[in-house]
Each structure stands twice: as structure tokens, then as C-alpha cells.
Asker: 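Sharing a structure below in C-alpha cells format, with a few things to ask.
Within every chain, numbering begins at 1; the chains are lettered A, B, ... in the order of the sequence lines, protein sequences first and strands thereafter. Since the model is a prediction, treat every value here as computed from it, not as a measurement.
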Amino acid sequence: MSDKVTNILLVGVGGQGILLAAEVLSETFLLAGYDVKKSEIHGMSQRGGSVVSHVRYGKEVFSPIVPEGEGDLLFGFELMESYRCLGLLRPGATVVVNDLCIAPPAVLMGREAYPENLAAKIAERFPDQILVDGQKVAIEAGNARTANTVLLGAVSKRLNIEEKYWLEAIERMVPKKALEVNLKAFAAGRALA
Amino acid sequence: MKEILSGNEAIARGAYEAGVKVACAYPGTPSTEILENIVKFPEVNSSWATNEKVALEVGIGASFGGARSIVTMKHVGVNVAADPLFTLSYTGVGANGGLVLVTADDPELHSSQNEQDNRNYAKFAKVPMLEPSDSQECLDFTKLAFEISERYDTPVFLRTTTRISHSKSVVELGERVTGLPEPKLVKDPAKYVMLPGNARGRHYVVEERTVQLSQDGCSMPINRTELRDRKIGVITAGVSYQYVREVLPEASVLKLGMVHPLPHQLIRDFAAQVETLYVVEELDPFIEEQVKAMGIQVTGKEILPICGELTPGRLRRSFGLPEEEETQIEKLPGRPPNMCPGCPHRGVFFTLNKLRAYVSGDIGCYTLGFMPPLSAMDTCICMGASIGMATGAVKVLPPEERKKVVAVIGDSTFLHTGVNGLMDMVYNQGAATVIILDNRITAMTGRQDNPASGHTLMNQPAEAIDLPLLCKAIGVKNVRTINPLDLAECEKVIREEMERPETSVIITDKPCVLIKREGVFEAGAVLEVNCENCTGCRACLKIGCPAIEWVPSSGKRGQAHIDPLLCNGCDVCSQLCKFSAIQEAKK
């Protein structure tokens, strides 16, 4: 086991299921025998606001938040929120991002425009980018509501953790009746990366 | 067994393991989840109090009755509970009735109205304070706090910050203690009746207790010296300890688990062993000033920020260490939080904006009425302040401006401390309008029950306070209930009551859309925009509903679109449409 701590940032919009995804990641790392810390802000940041969750694992983790400029992997649930957080990443970091735009209030009201070509702009700075149409792949795998699990599958391929720990964590965290569709979605996501 | 727990979950677990019998709180970010987790243990009587002062008083009663009790609140909640707190310091706790008060501070104001550093309360009230650095310590320190409370006959503060409360880390669980003495009545008026004659004597006890704790703190394992490179020595506590270990891994550290009273001799010994001494702490120079007062040379706020929370990057900057260059990106549209689609508050704020009211606001989801396009909040100070401030404004304003003053307050906040303000307004003939936004829940902190919701924290049915009747009993002659989703009714009633030169109360009667309990909130039919009728006038955008999107490419000059997955069918937008373009969606 290397001493180096791996830093993951999960970003998106309140209500997208980011906190649950961060729970599955943390559980996986714990099962794999690592020290884990996870941090996020509740409260005002819900209600459709920006959400950032930090997950760190390694032999021994101190800070619960990822040091600025040291993020190894960005797990993005929405394009603009992913773009907003690029400053937290180290050069050469991996970006797994959902091909989804959610308009913020000023855009909904027609006062500002949603920025264009964000996926390309992200890839320009972070060439190791995996752009996933989570919703589309989820539907193909059998259930539109498993888009986050598809993304998780893609993320899992870029982290050096045995697949069995991911599967065990999903089994623990997902309700029984939704397990099969989620395992399918996870496999579909892994096949993308 | 190992689990990943948040600081709040670990405190709940620690309280359970410590044999706590009573847990009481008023919800407040970042403290709320402590009680929401303690309630999972049926051995503990858990309850939401009407406010933090009452919560602490319930805890004191349980303590004096001989049971361990825990009371939790956010940092500003301690302001409300400060009155009993300062005298509780004098009485001490009941026999075998340890009392722990959790204060969850919020550096960086992630979800608060100020950034106060509640370590100052520990010194001010002369109450010992423990400060954990991760979830394991949250659990361990909670248990230890009860032991200290009973051994030294004092309430004990457990202080967390948002990054401790809401961060998760690995925790080893223990078992609940058994064999604690059963609660019983103990009469000891000299200790518990704080008349001057008794309290004078107790003050000496408090001072001796603080000296003793400071001495004993030097050998407490939670105050720990970690000697590494002697060039740099850092005194730190709480989450700052983690940042120090991250950024200055070679530095020697004096990690304080008890931040009040400080272990003076331990600090002197540490200072003598290192070349340059620093204090790394968030917010106030609380430890630093005391170390300086001891005559020890130390660097702290000369290089560290007082405002905001620390981060590894900010600490690195303070110590002049090399930083990663930040990737620069262009300015992006912000994504602030917003009221939910179908929120019953939206129509009220739309109306207040239209009537150009001066809105004396309060604390809750409805504080988001400040945001454009509603832009209908002019003040927000603290829980319950809206009504008293409206009374004061009306006292000084000329008659025409007086009419514009409207206090807006939620059901839970009204019962927290707003009701006192209303009594004062009636008593002193304040001629303002008060709107109670009764959505049947404490919504902002995540849907907690309150005395008007009809249920308790332990999910027992409870008497629901009748708000109109309560207002009438206080002496308000004009109490009217309105449907906040009916814009015409909102405007008519609010306009009439603003004109009235005496106290009036308007109560809205639609529930929060997030309430999951059956039979409370029921969504209406989903709406859609009929593109044949939509002229692109943008009137429906004025309520800022997240379900309505402006699509510039639609129609001749752009048209509105309603997201069927987000729409809750409140029908407020259709009332703004003069062209009947918003209709029930075809199935």
C-alpha cells in the first residue's frame, strides 16, 4: 500500500445524489483497508446550490478537505460545476464528467448565458477526460435513475481499487430491490473508461 | 467494529455509549444531525425544544435529577442559551448527572449569519471546553466530557466546527455503559438556588475548579505533545491540527484536546523545547492571546487570517510555502441556493416586492426571499428578530413609511423567539404587519418537527399549537389566514393589513413541499407552457421558480418552458400569465 493520499472531488448541483455517491466511494476505500476522510457542506448549499464533496484515502489521511491544487480526480455530475472546480486539481489530474448542463437561476431567467463547449474546455486543460452521458448509458443499461452509478463505474476504472470492494460497497449502500439495475449500470460505466 | 461516521454521528454515538438519558436541542446547521442520530437509540429521551435556552434548561433539569444529558446547538444558539449557561457554571451539575453542551461553530459562515468563536464562551462562563479533531475524537471526547463534568462538578462544552461536524472519518465503536445510578430527587438549595448569598460562595468554587482543571490538563492524554523537528513548534486544536499535520508534517505539535482552561505548564514546557513557536487556530486569537499573556513569544494572527476558515492552502500561504498555481477560469454564472419549485413562500415575497414593502426578515428558508428576482427582504439579524425590529422601525418612521413595514417569520422561528416580539408589539401598540409563513415544519435545517407540526422528534403525535388562536390570545385583533399560492388573495389581504394603523398578523397555511409525512403536502397537477399562446413576455420569470426556464430559441422572441420533473403544480406562475399560456400538462 502506497503512503500517498489520493484526492477525489465530487461536484455538481444540490439534489443530484452527490452525497450518496461520496458515501459509496468512502465505504469502498474503507473496505479496501484504507484510512478515509470525507467532507462536504450541508444546509444552505442544498436547495439547488453548488455542492462539492471531498473524499481522500490512503495509509493515513489528515485534512478532511483536499488541499487546493492537489485534486487527483474530479468526479463531475454537471459540466459548469465541474469547470468551476478545475482550480482545485493538480496538473495532469483525471476528470470524469457527466455530459449534463443544469441551468442556474440567472440562466433560467434569461439574464445570463450558460457557457458553451465546456467539455472541450475542460479536456484542453485536463486531457485525461472521460465524458459520460450518464443518463443515456443508464437507460441502455435498464434504468434511467442509475446515471450516478454509471459515472461511479467510470470513476472506479481510474482508481487502483479491486472491483470486488466496489461491488461490496454498492451492495451495502443500495436498497436490495435496486441492486441488480445498479450493478448493471456500474458495469456499463466501467466499460466506458 | 469500524464505521465511517460524521462528527455529528460520532457525538451521537458517544452520548449513547456514555449512558445519556436525555438529549435536547433546537436544530441549527451544522449541529442538527446530532439529535437526528441520537433519536435512533430508544434508550435516550430525545426532543426538539422550542429554542436553545429551553433546550439547555431541559438538560439542566435532567442533570439535577441525576441523569446524564446532552444539549446541542449551533454557535449562535449559545447566545440564546447563555442566560442559564452562566449560572449553571456556578451551580455545577447534579450528582451523577453529567451535562455536555455541544456548540457547533461555523467558520466561513457556510450557513450562518455571523462567524462568532464560541471558545470565548468557555472562558467567559468559566466552563471547560473540549475540541475534537476528527470523528473518533468526537466519540471519545463526548464520553470523556461526561466524566469531567461529574468529576469536576461542571457543565462541559464540546466544540465542533462545520468541518468536524460534517466530515466523516473512521471510528471504532464501543458499548453503552451500564450500571449508572438511577435518577432521584436531591435537595441541596445552597448549591442549586442561586440567590446572591449562595451564588457568592459558588463563585469561589468555580475559580478553584478552573485552576484545578488547568493543572490537571497538563497530564490529560487529550493534551498531547508530539515532538518531531524542534525548529518549528505549533500549538493547535480541532480541525486546524489536521491542516498543520498536512502542511507542516515535520513540525513539533502541542495538540490541545481541552482548549479551556489551558494547561499552562504543558505550554511552557513545549515552548521551551522548540525554536520558534506558533499558534494555528481558526477565527479569534483565543489560545494565542493567553500564551502571550503568559509572557511566551509566539506567532499567530500576525500571519494567519482571523476571518474565514483555514484550509491547507491558506495555511501554506501563511507560512510562505510554495503553492500550486491555480487554474484560472473565466467568470461563470453563480449557482446560489433557491426556494424549491412550488414553495409556498414564493408568492408572498412576489407580493411584498410588488407592494414595495420594507421587509423585516428572519432566519429560515424564506431568507432566500432576499435573492433576485423576488428581492423582498431588507433586514435579517437573528432568530425571532423580525418582529421586534418592525416594532422599533414603526416607532421612528413618518406615517407614510410606517405602513410599509412588514415582519416576515416562519412558524418554527416564531415559536423560537418571535412570539416574545409579538407580545411586545401588541403591548406597546406597534402598528406593523406580521406575516407568519406557516409551512408546518422547520424547513431550512432539513425538515424537523416543531410545536406547531403535530409531531415530536421521537415521532410521537403531539398537540399542534394553534397559531391564529395564540396570536388572538396575545391580543392581536386582526388575525387573518391566507392561501399563499393565491396571488390575488395575497395581494388583497397584505395590502389591507399594511394600510391598517394597528398590529395585524397574517398567517399563510400551505405546507413545505419537502414534507414527506403522508397527507401534509400534496402536489398539484404539473403545468406546461402552451407555445401557441406564449408571447414571450417573461412575466412568469418574475417568481424565480427553478422549474421555469427561458428558452431564447423558442418562438419569435423566446418562450418559457416548464420542466415537468421539477414542477409541483403550485399554479402561481399561471396566475401571472395574461395569455393563458400556462395550462395543466396533457397526460
Asker: Taking atom CZ as the centre, does B:Phe319 end up with more than 12 heavy-atom neighbours from other residues, nucleotides or ligands that are less than 6.0 angstrom away?
Answerer: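 Check passes, neighbour count above 12.
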Asker: Can you tell me how far OH of B:Tyr243 sits from CZ of A:Phe62, rounded to the nearest 0.5 angstrom?
Answerer: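 One gets 14.0 Å once the value is rounded to the nearest 0.5 Å.
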Asker: Against chain A, label B:Cys343 side chain, backbone, both or neither, depending on which of its atoms sit under 4.5 Å from a heavy atom there.
Answerer: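 Interface part for B:Cys343: neither.
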Asker: Are the charged groups of A:Arg56 and B:Glu246 less than 4.0 angstrom apart, N to O?
Answerer: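 So A:Arg56 pairs with B:Glu246 through a salt bridge.
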Asker: So which of B:Glu330, B:Met339, B:Met371 has the largest heavy-atom pair count under 4.5 angstrom toward chain A?
Answerer: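 Most pairs with chain A among the choices: B:Glu330.
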Asker: Under 4.5 Å from any heavy atom of chain B, what part of A:Glu60 do you find: side chain, backbone, both or neither?
Answerer: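 Answer is neither: A:Glu60 stays 4.5 Å or more from chain B.
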Asker: In the structure I gave you, are the side-chain heavy atoms of A:Pro115 and B:Pro333 within less than 4.5 Å of one another anywhere?
Answerer: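 In short, these two side chains touch, coming nearer than 4.5 Å.
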Asker: For A:Lys157, does the NZ atom have more than 12 heavy-atom neighbours from other residues, nucleotides or ligands under 6.0 Å away?
Answerer: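 Atom NZ in A:Lys157 is packed in, count exceeds 12.
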Asker: First locate atom CD1 of A:Ile65, then atom CD of B:Glu309, and finally report the distance between them rounded to the nearest 0.5 Å.
Answerer: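 Answer for the CD1-CD pair, A:Ile65 versus B:Glu309, is 5.5 Å.
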Asker: For the candidates B:Pro30, B:Gly334, B:Ala560, which exhibits the highest count of non-hydrogen atom pairs separated by less than 4.5 Å from chain A?
Answerer: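 Most heavy-atom pairs within the cutoff with chain A belong to B:Gly334.
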Asker: Measure the CG-CG distance between A:Leu108 and B:Asn338 for me, rounded to the nearest 0.5 Å.
Answerer: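 So the gap between those two atoms works out to 8.0 Å.
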Asker: Does any part of the side chain of B:Arg335, heavy atoms only, come nearer than 4.5 Å to the side chain of A:Ile102, both counted from C-beta?
Answerer: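 The answer is yes, as the side chains (C-beta and beyond) meet within the 4.5 Å cut-off.
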Asker: Is chain A contacted by the side chain of B:Val551, its backbone, both, or neither, given a heavy-atom distance below 4.5 Å?
Answerer: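 Looking at B:Val551, nothing touches chain A.
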Asker: Show, in sequence, the C-alpha distance, side-chain angles and deciding distance for B:Arg316 and A:Glu68, and conclude whether the side chain to side chain contact (heavy atoms under 4.5 Å, CB included) test is met.
Answerer: CA-CA 10 Å; B:Arg316 192 166 282 162; A:Glu68 297 91 325; over 6 Å; no
Asker: Measuring only between side-chain heavy atoms, which start at C-beta, is B:Ser169 closer than 4.5 Å to A:Pro64?
Answerer: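 No, too far: nothing below the 4.5 Å cut-off.
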Asker: To the nearest 0.5 Å, tell me how far B:Leu5 CG sits from A:Lys38 NZ.
Answerer: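 Rounded to the nearest 0.5 Å, the CG-NZ separation comes to 11.0 Å.
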Asker: With rounding to the nearest 0.5 Å, note down the distance linking CG in B:Leu541 to CZ in A:Arg111.
Answerer: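 Answer for the CG-CZ pair, B:Leu541 versus A:Arg111, is 8.5 Å.
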Asker: Go through B:Arg538, B:Glu549, B:Lys168 and name the one with the most non-hydrogen pairs under 4.5 angstrom from chain A.
Answerer: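 Of B:Arg538, B:Glu549, B:Lys168, B:Lys168 has the most heavy-atom pairs under 4.5 Å with chain A.
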Asker: Quick check on the interface: out of A:Ser53, A:Pro67, A:Ser26, who has the most heavy-atom pairs with chain B under 4.5 Å?
Answerer: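 Of A:Ser53, A:Pro67, A:Ser26, A:Pro67 has the most heavy-atom pairs under 4.5 Å with chain B.
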Asker: Given heavy-atom pairs under 4.5 angstrom as the criterion, report whether the side chain, backbone, both or neither of A:Arg90 touches chain B.
Answerer: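 A:Arg90 has no heavy atom closer than 4.5 Å to chain B.
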Asker: Does atom CZ of A:Arg145 have more than 12 heavy-atom neighbours from other groups under 6.0 Å away?
Answerer: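 No, not enclosed.
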Asker: With side chain to side chain contact (heavy atoms under 4.5 Å, CB included) as the test, would you mind laying out the steps for B:Ile329 and A:Arg125 before giving the verdict?
Answerer: CA-CA 11 Å; B:Ile329 56 165; A:Arg125 285 177 172 139; 3.3 Å; yes
Asker: What part of B:Ile164 lies closer than 4.5 angstrom to a heavy atom of chain A: side chain, backbone, both or neither?
Answerer: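 The answer is neither part of B:Ile164.
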Asker: Give the member of B:Glu323, B:Lys2, B:Arg245 that has the highest number of heavy-atom pairs under 4.5 Å with chain A.
Answerer: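 Option with the top pair count is B:Arg245.
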Asker: Quick check on A:Ala22 against chain B: is it the side chain, the backbone, both or neither that has a heavy atom closer than 4.5 Å?
Answerer: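 For A:Ala22, no heavy atom lies under 4.5 Å from chain B.
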Asker: Looking at side-chain heavy atoms only, is the closest gap between A:Ser39 and B:Arg163 below 4.5 Å?
Answerer: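 Side-chain contact under 4.5 Å: yes.
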Asker: Under a 4.5 Å cutoff for heavy-atom pairs, which residue among B:Gly544, B:Cys340, B:Pro373 has the most contacts with chain A?
Answerer: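 Looking at each of B:Gly544, B:Cys340, B:Pro373 in turn, B:Pro373 comes out on top.
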Asker: NZ of A:Lys184: more than 12 outside heavy atoms within 6.0 angstrom?
Answerer: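 Result for NZ/A:Lys184: open.
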Asker: Please report the interatomic distance CE(A:Met109) to CD1(B:Ile548), rounded to the nearest 0.5 Å.
Answerer: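 Nearest 0.5 Å value for the CE-CD1 distance: 11.0 Å.
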